[in-house]
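Quick notes on the structure that follows.
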Amino acid sequence: MLQVSYIVENKEKVIAGLQKRNIPQVQDILNEVIILDEKRRNTQLTLDQNLAEANTIAKQIGALMKEGKRAEAEGIKQRTSELKATNKQLSEELEATKQSLLKALYNIPNVPHDSVPLGNSEEDNEEVSRHGNLPALGDHAMPHWDLIKKYDIIDFELGIKITGAGFPVYKGKGARLQRALINFFLDEATSAGYGEVQPPIVVNEASGYGTGQLPDKEGQMYHIGNENLYLIPTAEVPITNLYRDVIVDQNDLPIKHVGFTPCFRREAGSWGAHVRGLNRLHQFDKVEIVQVRKPEESYQALEEMCSHVEGLLKKLQLPYRILRLCAGDLGFTSVLTFDFEVYSAAQKKWLEVSSVSNFETYQANRLKLRFKGPDKKTQLLHTLNGSALALPRILAAILENNQDETGIVIPEVLRPYTGFDRI
RNA sequence: AGAGGAGUGGCAGAGUGGUCGAAUGCGGCAGUCUUGAAAACUGUUGUACCGCGAGGUACCGGGGGUUCGAAUCCCUCCUCCUCUGCCA
């Protein structure tokens with residue numbers, strides 16, 4: 001969430017930024033925050049003063065009791081019971097104000113970067129660059145949902161039987177190819193300096209709030225009611241939350257992690273004809289990279305991460321394009337996001353396979369993720385993450401783009417991992 | 001899952017109703033000494049909020065309660081340890 005001090009000091013910039021996101025009544029929302037914060041401070045001040053007085057009296061009573069002056073002690077107890085009543089009221093008021101303030105802040109998204117283009121939907125995203133040649137497939141070309149049946153490598157019906165729609169079963173060479181992609185992505189990230197972690201794929205409420213999935217995306221996560229836990233929608237959640245409530249030693253920066261996890265998304269309300277096959281699933285595999293950086297380095301880190309993702313796509317020899325997300329399509333917590341899309345030749349459309357974002361201090365503020373600067377003061381760090389990569393659409397593109405009359409050609413770099421060169 | 005025990009500052013570990021944000025040791029930082037290092041000695045060393053400042057307030061696993069006053073007493077939740085049970 002945004003810091004109140006930042007809102008106060010950069011009000012015009014914040015208003016302009018949030019207006020880019022088409023948020024109605026931005027001024028009113030920000031004013032409410034500022035008023036609540038003032039109220040919080042005033043209430044705190046009065047309460048602190050009362051508490052100071054109560055503390056003083058308590059000490060006096062202690063001293064009097066020791067001297068055996070009981071009667072005198074009883075006398076000043078009067079004042080404390082008055083204070084007690086007021087203080088109870090004040091602290092309830094303070095708590096309520098803090099809660100309202102927090103709630104208001106939770107509902108304000110991050111301020112987009114200056115370079116974020118205007119726009120309402122994915123139609124308005126800016127294409128930054130395009131790489132690789134689009135394959136020309138013959139008339140015999142099949143979309144991946146037919147290919148997986150033909151070669152019996154993924155079974156949706158079986159998944160429906162044991163779980164439900166959107167939970168595919170990978171079989172034989174299909175399963176092996178999944179494992180190959182995961183290992184390839186993990187190895188690439190490890191050689192690029194990312195420390196591998198294997199986090200839990202179930203997280204508590206505090207973690208959900210830490211990275212901003214809660215309360216914004218409450219309905220999009222699977223919830224385990226009897227334990228009040230959530231299935232992760234992305235490894236971003238557990239990995240970034242590793243650093244919740246942490247003051248990082250300067251020497252431990254930068255922090256770079258990679259992790260493979262399954263991801264779970266309810267995708268409520270987003271199903272339709274365009275989400276056939278592997279295009280959209282409830283459970284999918286993803287390798288995620290996460291960085292925690294000093295503020296002045298975070299945009300350099302964003303570039304590094306984008307280059308890493310590009311490197312993967314180049315090695316897989318997939319045609320791809322890079323998009324700068326417009327304000328309307330930008331995630332709630334993000335300042336700047338680049339999407340990577342691969343071309344799916346038989347569907348003749350671009351599929352998003354990675355999203356690389358800088359959150360600046362937005363998550364860190366919720367996480368209380370800080371470091372001690374040279375001036376010995378604690379300050380918030382910047383967090384970033386990106387998919388490197390999400391598997392299903394990569395798989396879809398490989399299947400479609402690399403098909404020929406007799407099968408599917410496995411990209412060179414994956415062969416050491418698959419142990420076969422064709423399906 | 002049942003019974004018992006325990007959670008204190010970066011770590012170890014005192015503290016069972018007032019003078020305790022908390023002894024002591026270790027570690028960290030700064031300095032003295034030294035060609036340098038080590039040792040020794042001296043000082044310093046949590047976080048957040050409020051305040052221009054002096055300073056104030058809160059925090060001893062989380063939350064609630066008793067009391068003029070809680071690290072200390074009570075309730076509750078969480079976590080860890082031991083034993084019993086179950087189990088990949």
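Computed from a prediction, not measured in an experiment: that's the story for all the values here. Naming convention: chains lettered A, B, ... in sequence-line order (proteins, then strands); numbering from 1 in each chain.
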**Q.** U19(B): pairing nucleotide in any strand, Watson-Crick or G-U under 3.5 angstrom
**A.** none
Q) For RNA chain B, which residues in residues 54-61 of chain A have a heavy atom at a distance below 4.0 Å? A) Asn55(A), Ala58(A), Ile61(A)
Q.
Within the 3.5 Å criterion, strictly below it, is a donor on Ser355(A) or Asp339(A) matched to an acceptor on the partner's side chain?
A. yes
Q.
When both hydrogen-bonding distances must be under 3.5 Å and the geometry is Watson-Crick or G-U wobble, what is C41(B) paired with, if anything?
A. G31(B)
Q: Verify whether the ring centers belonging to His257(A) and Tyr194(A) lie closer than 6.0 Å.
A: no
Q: Could you give the distance separating C75(B) and U19(B) at their P atoms, to the nearest angstrom?
A: 25 Å
Q) According to the Watson-Crick and G-U wobble definitions, with both distances under 3.5 Å, which nucleotide is paired to A1(B)? A) U84(B)
Q) Using a distance-only test with no angle check, is there a side-chain donor-acceptor pair under 3.5 angstrom linking Ser207(A) and Arg244(A)? A) yes
Q: Can you tell me, in whole Å, how much space there is between the P of G53(B) and that of G61(B)?
A: 32 Å
Q | Between U44(B) and C49(B) - P atom distance, rounded Å | A | 26 Å
Q) If we take the C1' atom in both G5(B) and G65(B), what is their distance in whole Å? A) 25 Å
Q | Distance, P atom - from C74(B) to A6(B), rounded to whole angstrom | A | 12 Å
Q) When you compare A48(B) with G9(B), how far apart are their C1' atoms, in angstrom units rounded to a whole number? A) 15 Å
Q) Looking at Arg40(A) and Asp37(A), does any basic side-chain N land under 4.0 Å from a carboxylate oxygen? A) yes
Q) Is there a Watson-Crick or G-U wobble partner for A70(B) with both distances under 3.5 Å, and which nucleotide is it? A) none
Q) Is it true that the side chains of Tyr299(A) and His382(A) contain a donor and an acceptor less than 3.5 Å apart? A) no
Q: Report the relative orientation of the aromatic rings in Tyr222(A) and Phe264(A); use parallel for angles under 30°, tilted for 30 to 60°, perpendicular for over 60°.
A: perpendicular
Q: Scan residues 79-104 of chain A against RNA chain B and write down, sorted by residue number, each residue with any heavy atom closer than 4.0 Å; if none is found, say none.
A: Thr80(A), Lys84(A), Lys88(A)
Q) Under 3.5 Å, side chain of Asn402(A) to main-chain N/O of Ile408(A), donor-acceptor pair present? A) no
Q.
The criterion is side chain to side chain donor-acceptor pair (under 3.5 Å); which residues satisfy it with Asp187(A), sequence neighbours excluded?
A. Tyr417(A)
Q: Can you sort out the partners of Asn385(A) under side chain to side chain donor-acceptor pair (under 3.5 Å), two or more places apart, ordered by chain and number?
A: Glu236(A)
Q) Do Asn110(A) and Glu360(A) have a side chain donor and acceptor closer than 3.5 Å? A) no
Q: With C1' as the reference atom in both, quote the distance from G62(B) to A71(B) in angstrom, rounded to an integer.
A: 15 Å
(Q) Counting only Watson-Crick pairs (N1-N3 plus N6-O4 or O6-N4) and G-U wobbles (N1-O2, O6-N3), all under 3.5 Å, who is the partner of G7(B)? (A) C78(B)
Q) So which one's nearest nucleotide on RNA chain B is more toward 5', Lys372(A) or Gln49(A)? A) Lys372(A)
Q) Quantified in whole Å, what is the C1' atom distance between nucleotide G18(B) and nucleotide U72(B)? A) 11 Å
(Q) With a strict under 4.0 Å distance from non-hydrogen atoms of chain A, what nucleotide opens and what nucleotide closes the contacted stretch of RNA chain B, reading 5' to 3'? (A) G18(B) to G69(B)
Q.
I'd like to know if Glu296(A) and Lys294(A) make a salt bridge, using a cut-off of under 4.0 Å between side-chain N and carboxylate O.
A. no
Q: Identify, between Ala63(A) and Thr378(A), the residue whose nearest nucleotide on RNA chain B lies closer to the 5' end.
A: Ala63(A)
With a 3.5 Å cut-off and sequence neighbours excluded, list the donor-acceptor pairs that the side chains of residues 165-173 of chain A form with protein atoms.
unit_1	atom_1	unit_2	atom_2	d
Lys171(A)	NZ	Asp152(A)	OD1	3.0
Lys171(A)	NZ	Asp155(A)	OD2	3.3
Lys173(A)	NZ	Arg422(A)	O	3.0

Q) What is the pairing partner of A14(B), taking Watson-Crick or G-U wobble pairs with both distances under 3.5 Å in any strand? A) none
Q. For A58(B), which nucleotide is its Watson-Crick or G-U wobble mate, given both distances must be under 3.5 Å?
A. U47(B)
